[in-house]
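As a basis for the values below, the full set of heavy atoms in this structure was taken, side chains included, without hydrogen atoms, waters or symmetry mates. Please read these numbers as outputs of a predicted model, since none were measured by experiment. The residues of the chain are indexed from 1 along the displayed sequence.
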Amino acid sequence: QVQLVESGGGSVQAGGSLRLSCAGSKYTFRTNAMGWFRQAPGKEREFVAAINWNGEITDYADSVKGRFTISRDDAKNMVYLQMNSLKPEDTAVYYCAVRAKAGLGTTLSDYDYWGQGTQVTVSS
């Protein structure tokens with residue numbers, strides 16, 4: 001069974017940076033698209049960023065464009081989300097997800113396996 005474990009969350013002041021990591025185990029996702037989603041309290045889970053199987057194509061939610069960067073290291077079976085210029089509205093639980101296809105997706109239903117999430121809190 002695919003297991004994804006997120007790490008790197010924490011508390012930071014507005015304008016700060018965090019780097020989230022997602023480690024895959026019991027499965028290598030070299031041929032799979034990967035994504036990051038987030039869920040704030042009282043809100044639905046939403047798309048943040050995605051990367052296709054070879055890292056050549058990425059997509060971002062408008063709210064994070066220019067501030068967040070998704071990347072992957074298939075040798076380490078890892079996916080990352082570099083978050084810069086963080087804002088209080090970025091506060092949420094962030095989830096890593098893997099898609100059973102090579103092309104990236106931007107909706108929840110595009111993804112097949114999910115991690116447990118990591119909390120990111122941005123204070124003003």
Side-chain angles (χ1 to χ4, degrees):
Q1 184 176 353
V2 175
Q3 290 185 349
L4 301 173
V5 179
E6 302 94 337
S7 61
S11 297
V12 64
Q13 289 190 330
S17 298
L18 285 173
R19 187 195 194 202
L20 304 184
S21 299
C22 174
S25 63
K26 300 184 179 180
Y27 187 84
T28 55
F29 41 71
R30 288 190 175 89
T31 60
N32 300 86
M34 302 292 295
W36 285 96
F37 290 74
R38 67 186 181 187
Q39 188 166 16
K43 294 187 177 181
E44 295 184 351
R45 193 171 300 189
E46 65 176 6
F47 168 73
V48 174
I51 189 166
N52 77 326
W53 72 279
N54 62 4
E56 292 184 355
I57 302 174
T58 59
D59 196 8
Y60 298 91
D62 288 342
S63 58
V64 307
K65 279 182 182 176
R67 300 188 298 122
F68 290 11
T69 302
I70 187 171
S71 61
R72 61 190 299 157
D73 184 342
D74 290 336
K76 298 180 179 179
N77 219 34
M78 297 285 291
V79 176
Y80 305 99
L81 185 67
Q82 178 66 43
M83 306 187 295
N84 298 329
S85 303
L86 282 161
K87 304 176 181 179
E89 51 263 45
D90 294 319
T91 295
V93 177
Y94 283 71
Y95 298 89
C96 172
V98 61
R99 189 173 192 223
K101 292 183 179 181
L104 61 81
T106 61
T107 67
L108 274 71
S109 61
D110 287 334
Y111 291 84
D112 300 275
Y113 301 99
W114 295 81
Q116 294 299 307
T118 185
Q119 176 71 46
V120 171
T121 303
V122 184
S123 59
S124 59

So do [Y] and [X] actually touch side chain to side chain, heavy atoms under 4.5 Å?
| X | Y | answer |
| --- | --- | --- |
| D90 | R67 | yes |
| R99 | D112 | yes |
| Y80 | T69 | no |

Query raised in the report: Are the aromatic ring centres of F29 and Y113 under 6.0 angstrom apart?
Result: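 No, the ring of F29 stays outside the 6.0 Å limit from the ring of Y113, centre to centre.
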Just list the side-chain donor-acceptor pairs under 3.5 Å for residues 10-25, sequence neighbours left out, or say none.
{"from": "S17", "atom 1": "OG", "to": "N84", "atom 2": "OD1", "distance (Å)": "2.9"}
{"from": "S25", "atom 1": "OG", "to": "Q3", "atom 2": "OE1", "distance (Å)": "3.4"}

Just verifying a value: how many Å separate [X] [atom1] and [Y] [atom2], rounded to the nearest 0.5 Å?
| X | Y | atom1 | atom2 | answer |
| --- | --- | --- | --- | --- |
| L104 | I70 | CG | CD1 | 8.5 Å |
| W114 | E6 | CH2 | CD | 9.5 Å |
| R38 | R45 | CZ | CZ | 13.0 Å |
| N77 | R72 | CG | CZ | 8.5 Å |
| L81 | F37 | CG | CZ | 12.0 Å |

For residues [X] and [Y]: do they belong to one hydrophobic cluster (side chain heavy atoms under 4.5 Å, members Ile, Leu, Val, Met, Phe, Trp, Tyr)?
| X | Y | value |
| --- | --- | --- |
| V2 | W36 | yes |
| V93 | M83 | no |
| V79 | L4 | yes |

Query raised in the report: Does T91 offer a backbone N or O that forms a donor-acceptor pair with the side chain of T121 under 3.5 Å?
Result: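 The answer is no, because no donor-acceptor pair under 3.5 Å joins these two groups.
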Requested in this report: Taking atom CD of E89 as the centre, report whether more than 12 heavy atoms of other residues, nucleotides or ligands fall under 6.0 Å from it.
Outcome: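 Correct, the count exceeds 12.
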Would you give me the side-chain donor-acceptor pairs under 3.5 Å for residues 47-54, sequence neighbours excluded?
{"from": "N52", "atom 1": "OD1", "to": "G55", "atom 2": "N", "distance (Å)": "3.1"}
{"from": "N52", "atom 1": "OD1", "to": "E56", "atom 2": "N", "distance (Å)": "3.0"}
{"from": "N52", "atom 1": "OD1", "to": "I57", "atom 2": "N", "distance (Å)": "2.9"}
{"from": "N52", "atom 1": "ND2", "to": "N54", "atom 2": "OD1", "distance (Å)": "2.9"}
{"from": "N54", "atom 1": "OD1", "to": "E56", "atom 2": "N", "distance (Å)": "3.0"}
{"from": "N54", "atom 1": "ND2", "to": "E56", "atom 2": "OE1", "distance (Å)": "3.4"}

What is the minimum heavy-atom distance between [X] and [Y], and which atoms define it?
| X | Y | result |
| --- | --- | --- |
| A92 | Q119 | O-NE2, 3.4 Å |
| G35 | Y111 | N-CE2, 3.5 Å |
| P88 | S123 | CG-C, 4.5 Å |
| C96 | M34 | SG-CE, 3.8 Å |
| N32 | V98 | CB-CG2, 3.7 Å |

Query raised in the report: Going by the angle between their ring planes, with limits at 30° and 60°, are F68 and Y94 parallel, tilted or perpendicular?
Result: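 Rings of F68 and Y94: tilted, as their planes differ by 30° to 60°.
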